[in-house]
Amino acid sequence: MTSRLEIRVRWVLLFVVGVANIIGSLVVLLFATFVVPDPPLDDRDYVHLVNAVAFFSYPVVAAPAALLCGLWLWRPVVTFVRDGESPTGGSAGPCCSGRCG
């Protein structure tokens, strides 16, 4: 059974990581658009449009894939903690690396 604390931590973590990634990607987009000099192109506006489309469409694919991958990789750790066990001796190392269970 998933506890209320676990659900709150997941949502807060999802929000914090999402905001950090959005801010970081905006910095990269602005840097690529305004700071990095454009090579000699026939249609600079088209290249900027392609960059913007790629920027806004990438999270649509990457976010669900990263979320599912992260939940799958940390499943053993969540199970270990949910069962109320505390890492001792030999189980602390594998648990911290995601291989407990």
Side-chain angles (χ1 to χ4, degrees):
M1 182 90 167
T2 305
S3 70
R4 292 177 56 97
L5 177 62
E6 183 180 340
I7 292 171
R8 287 181 59 195
V9 167
R10 283 186 183 187
W11 279 107
V12 168
L13 187 61
L14 178 67
F15 176 75
V16 168
V17 170
V19 169
N21 280 309
I22 289 170
I23 291 171
S25 60
L26 279 172
V27 168
V28 170
L29 178 67
L30 293 173
F31 183 77
T33 303
F34 298 112
V35 177
V36 176
D38 290 332
L41 299 169
D42 293 334
D43 191 5
R44 288 179 33 172
D45 292 335
Y46 177 73
V47 173
H48 289 272
L49 176 66
V50 169
N51 282 341
V53 168
F55 170 78
F56 289 110
S57 63
Y58 173 75
V60 173
V61 175
L67 181 64
L68 290 175
C69 183
L71 290 174
W72 183 76
L73 286 173
W74 283 100
R75 188 182 53 210
V77 175
V78 171
T79 303
F80 187 79
V81 172
R82 189 181 296 154
D83 291 343
E85 300 177 30
S86 59
T88 59
S91 68
C95 182
C96 291
S97 66
R99 298 188 310 261
C100 63

What residues, two or more places apart in sequence or in another chain, satisfy side-chain contact (heavy atoms from CB on, under 4.5 Å) together with Y46? D43, V50

I'd like to know if W11 and L67 are part of one continuous hydrophobic network [Ile/Leu/Val/Met/Phe/Trp/Tyr, side-chain heavy atoms within less than 4.5 Å]. yes

Does one hydrophobic cluster hold both L49 and F56, with members joined at side-chain heavy-atom distances below 4.5 Å? no

If two hydrophobic side chains count as joined below 4.5 Å and joins carry through other members, does I23 share a cluster with F15? yes

For the residue pair P64 and P59, what are the closest heavy atoms and their distance? CD-O, 3.7 Å

Where is the tightest heavy-atom contact between N51 and L29, given as atom of each residue plus distance? O-CD1, 4.3 Å

